[in-house]
Chemist: 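Got a structure for you, questions after.
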Amino acid sequence: MNGPATHNRSSAARPAWLTHNVKVLCGVSFLQDAASELLYPILPIFLTTVLGAPPAVVGAIEGLAEGAASVTKVASGRLADRFARRPLIGAGYGLAALGKLLIAIATVWPLVLVARVVDRLGKGVRGAPRDALLVDGVPQGQRGRVFGLHRAADTAGAVVGPLVGLALYEGLDHRLRPLFWVAVIPAVASVALVAVVRDPGRTGGASTKAVRARWRSLPRPYWRVLAVLFAFNLINFPDALLLLRAHELGLSTAGVVGAYAVYNLAYAALSYPAGALSDRLPRPLVFAAGLVFFAVGYLGLGLIHAPWLVFVVLPLYGGFAACTDGVGKAWVSSLVPDRQQGTAQGLYQGITGAAVLLAGLWAGLAWGSDGHVPLLVSGALALALAAVLPVLGRSRQANG
């Protein structure tokens, strides 16, 4: 008697955009990010103090890893519009788990380079098909909420991971290597959870249409947005260098991990509100607000001298990620038809990842003794871009 009526009321109460795949993929990303971010804030310190790598190598490793992922993102985006997406997602998370295992056994920094490339290749393989499944069946006007919630869940893992790492670091007599082994556990769990994802498949007529979805057929507004976001990411160097700057300012290893956790807490808390806001306001405007947070973070880290101020600057910098990561994906997804979602997301993530590669290389080479010069240059340029970006919001096509 109560079954059908209860089911109908439950379905009506649940937001239409909160699909099964959104919930499952949020869980997958939470686990994987908990693993990744458990080790990420200590990796620059591990490289420089344990393995003896210079700061330029830190930037090069992160930049090259992102660059390798860029090519993979473009290819996996095309594949995601032609074939089943779940196997690609599973393979991507599996490669990420393997990368973490390689870091755990590394005794020289070149193996860390290989590990980070493998890890980021996994991100490249999974990103576009995952993002395409996230918005499958979701109206364009609600996709900011989808990506915002996914970013919040993903970044919640980035809060839990560093805090677990910090507790273990203190409990294990300040040894770094055991933390890398612990990170393998949630990484493997995320791979197992992918099995619950529902994939409608890409066979028959849908696959044929996808084959004809060439890059040249992507709409003009998409290419304009892509060009702007590529230009921005040329000054957006890997966060590993920001953490290295925090360490150079005098924060201990525990302090760096704690500051990174606070940054991710701000990022997680603001991601869903920023995504929902981008469903109501022009997405270029929300993205521009993110660039202001970016500038505050970079200029702040470049100018401060007291270590405690890192705990003020990094949470503000969290507003940048919240207003740009999920919002950027929602912006891109609103510019193309559903049959080209994988292609568009893969190309966007690949092109911007290539820009991060270049940013990591030039910032690492220009780092010097404390990194304040590249930080100040990037912060100033981001402010200039933030001033002109909202102009794109005047176009109806630019916001989908």
Chemist: Find the distance between CG (L244) and CG (L249) and round it off to the nearest 0.5 Å.
Modeler: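 Result: 10.0 Å between the selected atoms.
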Chemist: For residues F320 and F294, establish whether the separation of their ring centroids is below 6.0 Å.
Modeler: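 When the ring centroids of F320 and F294 are compared, they turn out to be within the sub-6.0 Å range.
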Chemist: For the pair S36 (side chain) and D33 (backbone), establish whether a donor and an acceptor sit closer than 3.5 Å, ignoring hydrogens and angles.
Modeler: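 Between the backbone of D33 and the side chain of S36 there is no qualifying donor-acceptor contact (under 3.5 Å).
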Chemist: Can you confirm whether more than 12 heavy atoms, excluding those of R198, are under 6.0 Å from its CZ atom?
Modeler: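 Atom CZ in R198 is not crowded, with 12 or fewer foreign heavy atoms closer than 6.0 Å.
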Chemist: If you apply the rule side chain to side chain donor-acceptor pair (under 3.5 Å), what do you find for S334 with Y222, and how did you get there?
Modeler: CA-CA 9 Å; S334 69; Y222 170 84; over 6 Å; no
Chemist: Verify whether one side chain among T72 and K123 offers a donor that lies under 3.5 Å from an acceptor in the other.
Modeler: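 The answer is no; no qualifying pair exists.
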Chemist: Any donor-acceptor pair under 3.5 Å linking the side chain of N233 with the backbone of L229?
Modeler: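 Checking the backbone N and O of L229 against the side chain of N233, a donor-acceptor pair under 3.5 Å is found.
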Chemist: Ring pair (Phe, Tyr, Trp, His ring centres under 6.0 Å) for F237 and Y298? Distances and angles first, verdict last.
Modeler: CA-CA 10 Å; F237 38 85; Y298 272 52; 4.8 Å; yes
Chemist: Rounded to the nearest 0.5 Å, what separates atom CD in Q32 from atom OG in S190?
Modeler: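 So the CD of Q32 and the OG of S190 are separated by 4.0 Å.
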Chemist: Strictly by side chain to side chain donor-acceptor pair (under 3.5 Å), give each pair with a member in residues 299-320 just once, sequence neighbours left out.
Modeler: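 Applying side chain to side chain donor-acceptor pair (under 3.5 Å) to every pair that reaches into residues 299-320, excluding sequence neighbours, yields D239-Y317.
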Chemist: Taking distance alone, no hydrogens or angles, what donor-acceptor pairs closer than 3.5 Å link side-chain atoms of residues 352-363 to residues at least two apart or in another chain?
Modeler:
from: T352; atom 1: OG1; to: Y348; atom 2: O; distance (Å): 2.8
from: T352; atom 1: OG1; to: Q349; atom 2: O; distance (Å): 3.3
from: W362; atom 1: NE1; to: L234; atom 2: O; distance (Å): 2.8

Chemist: Does the side chain of R151 pick up a donor-acceptor pair with the side chain of Y267 at under 3.5 Å?
Modeler: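 Indeed, the side chains of R151 and Y267 share at least one donor-acceptor pair under 3.5 Å.
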